[in-house]
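Working notes for the structure below.
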There are 2 protein chains.
Amino acid sequence: MTSTETDQETLAPHPPRSFEALRSHVIERHAALPKRLAQVAKFALDHPDEMALNTVAELAAAAGVQPSAMVRFAQTLGYSGFSELQGVFRSRLRDRWPDYQERLTKVQDETGGSADSSSVLARFVETSMRSLVHLPETISGEAFEAAVTLLARARTIYVLGQRRVFPVAAYLSYMLGKLEMRHMLLDNAGSMIDIQAGGMGPGDVLLAVTFTPYTPVTVDIANQATARGAKLVAITDSVFSPIAGLAHARLEVVESDFGAFRCLSATITLAMGLAIASAERRRALPPSA
Amino acid sequence: MTSTETDQETLAPHPPRSFEALRSHVIERHAALPKRLAQVAKFALDHPDEMALNTVAELAAAAGVQPSAMVRFAQTLGYSGFSELQGVFRSRLRDRWPDYQERLTKVQDETGGSADSSSVLARFVETSMRSLVHLPETISGEAFEAAVTLLARARTIYVLGQRRVFPVAAYLSYMLGKLEMRHMLLDNAGSMIDIQAGGMGPGDVLLAVTFTPYTPVTVDIANQATARGAKLVAITDSVFSPIAGLAHARLEVVESDFGAFRCLSATITLAMGLAIASAERRRALPPSA
DNA sequence: CTATAAATGGAATTGGTGTTTCATATTCTG
DNA sequence: CAGAATATGAAACACCAATTCCATTTATAG
């Protein structure tokens, strides 16, 4: 018994002490690892911060494995146990600490000046965050509440967003599908949006997204929707938006511009919140025919 | 006896949640604190990293006090115990962009009270911001640079992202069009993605986005692209992504999850930065035939 | 100077953590 | 397809950390 243990331990005599060494070592051996251990390996490299700060139980739950699998993973790598492995992740956190400030000042310096590629990214992050910070301020609780109520009670939700905001509509469609809410994405494929929107009527809701310059087809369909007795939930950028007046619930998003381009982060986030809040609300409602 | 305890507890109903708030609160009360507690306070503010990572016993020894003094210090501040206090130091280490940590906790505070639908939104905002904060860390300057270079030199950029990340691909397509960069969106309309991707060859770049679970068709097309001599720029969520190995430039994004749903804010922001940086780079290049 | 309250040190306790074990499931191999 | 080897899940275990308790010391008020 003792001899076998000794044999096993000699398989990995040098567990990596630095995170970088650990990282490359794991990447190298990843393919040869058993399924569950590979799962742990992937999680560990994808979430190094969590690995440093959380407990085995929490990490195991997050990675979708048993606590014992975490320990086994550490031991396979040659560590005495999980704690020793975690030490590597913790020292990484200590070591990496100083360079955040460096980055921050670098960003600040280059904000005004010319565009080195990576600073472009940093400025976008900055812009996106500004939009997000202001999102809860611009969206009133009542408006959000009203929108959620309408969507939760809708028979079918028609999702509409063209050109610049089409990604938002596409994402809404994906989420509503996953949430098992009946909906239809009006993507205007084959210029058949009138056909796609043909079924709208009382009991339905049109969830329309539009920003300046307001795509005409979006405004048209919104008008048709209200004319046919469907409710309109509008995500737009101004009270003067051509569909603002028609809307039964209006959500105003102010996205910060970056040059000629407008970020979509806040809008996407709002869409996500809207979809999930509506699904939750619907679950709470009495099931209607 | 019981009454006195109750009185003491009501003294600090709101223990600070953010490190900055904690810091100023401690500085303010420092003079009024008993000797040993003041000693702990000084140590805590002087060694925030240690406070986040070490155990009570180790910290007490390092500070030259008893373990119980550490616990008392935390309780004096209004926390239930040392662990809760340590949580503040740990979150500081997690979100190591101090400026934004303030904003995050601000959102948290506003959320804390009500549990209505609008708090759902606030939680999404928080999740999105967390992703954004970490974006510049996970994207190395070299990787971004490499991706930009490839895209700037591409004859045609093929844009690919299915299902959950299709919105990202759609947005990339919109921006690349506005930036007058020749590209093709592989949206798989009519299940004709093989036809759409038929033209890929040397000189072209496939910009592929894929997250867990990796949509098979995305992996297929990525393989085809490299086989035909096109370059591959991958936006993915792990080094173990099935297309990570093939990629000539790999950008890893770690999006924070919110329940079963993954935010797209960071990915969208990265896409935006990538598109614009590439366009700028191309303008700086000598015009090739 | 005495009496009272607060603060402190050190040990006992409790809860939760990492670890180990073992039965079961799965994957190789002949 | 059978049998062996390996991998996995779930629970039991042992230990250590955080917390509490209480006796002792130190400060404060009368």
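Convention: sequence-line order gives letters A, B, ...; per-chain numbering from 1.
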- Using a cut-off of strictly less than 4.0 Å, decide whether A:S83 has a side-chain nitrogen or oxygen near OP1 or OP2 of C:dT19.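 Looking at the OP1 and OP2 atoms of C:dT19, one of them is under 4.0 Å from a side-chain N or O of A:S83.
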- Message: On the nucleotide C:dG18, are OP1 or OP2 found under 4.0 Å from the side-chain N or O atoms that A:Q75 carries?
- Response: no
- Note on the structure: Once base and sugar-phosphate atoms are separated, protein heavy atoms under 4.0 Å mark nucleotides 5-11 of chain C, 5' to 3', with B, S and - as --SBBB-
Whole Å only: how far is the [atom1] atom of [X] from the [atom2] atom of [N]?
| X | N | atom1 | atom2 | answer |
| --- | --- | --- | --- | --- |
| A:F73 | D:dT6 | CZ | P | 20 Å |
| B:E58 | D:dC16 | CD | C1' | 11 Å |
| A:M70 | C:dG18 | CE | P | 9 Å |
| A:Q86 | C:dT17 | CD | P | 12 Å |
| A:L33 | C:dT26 | CG | P | 20 Å |

- To the nearest 0.5 Å, atom OG of B:S140 lies from atom CZ of B:R250 at 9.0 Å
- B:S131 and B:S265: side-chain donor and acceptor closer than 3.5 Å?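 No, because no side-chain N or O of B:S131 sits under 3.5 Å from a partner of the opposite role on B:S265.
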- Item | Donor-acceptor pair between B:Q224 and B:D194 side chains, under 3.5 angstrom | no
Only distances under 3.5 Å count here; give the side-chain donor-acceptor pairs of residues 57-74 of chain B to other protein atoms, sequence neighbours excluded, each with its distance to 0.1 Å.
residue: B:E58; atom: OE1; partner: B:T55; partner atom: N; Å: 3.0
residue: B:E58; atom: OE1; partner: B:T55; partner atom: OG1; Å: 3.3

- If you look only at pairs with a residue in residues 32-70 of chain A, which of them pass as a ring pair (Phe, Tyr, Trp, His ring centres under 6.0 Å), with sequence neighbours excluded? A:F43-A:H47
- Query: For the residue pair A:F89 and A:F19, does the interplanar ring angle fall in the parallel (under 30°), tilted (30 to 60°) or perpendicular (over 60°) class?
  - Reply: perpendicular
Give the table of side-chain donor-acceptor pairs shorter than 3.5 Å for residues 210-219 of chain B, with sequence neighbours excluded, one pair per line with atom names and distance.
residue: B:T212; atom: OG1; partner: B:D237; partner atom: OD2; Å: 2.6
residue: B:Y214; atom: OH; partner: A:K42; partner atom: NZ; Å: 3.1
residue: B:Y214; atom: OH; partner: B:D237; partner atom: OD1; Å: 2.9

- Query: Can you list the residues that meet the ring-ring contact (aromatic ring centres under 6.0 Å, His included) rule with B:F124, with sequence neighbours excluded?
  - Reply: B:F258
- Heavy atom of residues 40-48 of chain B under 4.0 Å from DNA chain D: which residues?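 Hits under 4.0 Å, by residue number: none.
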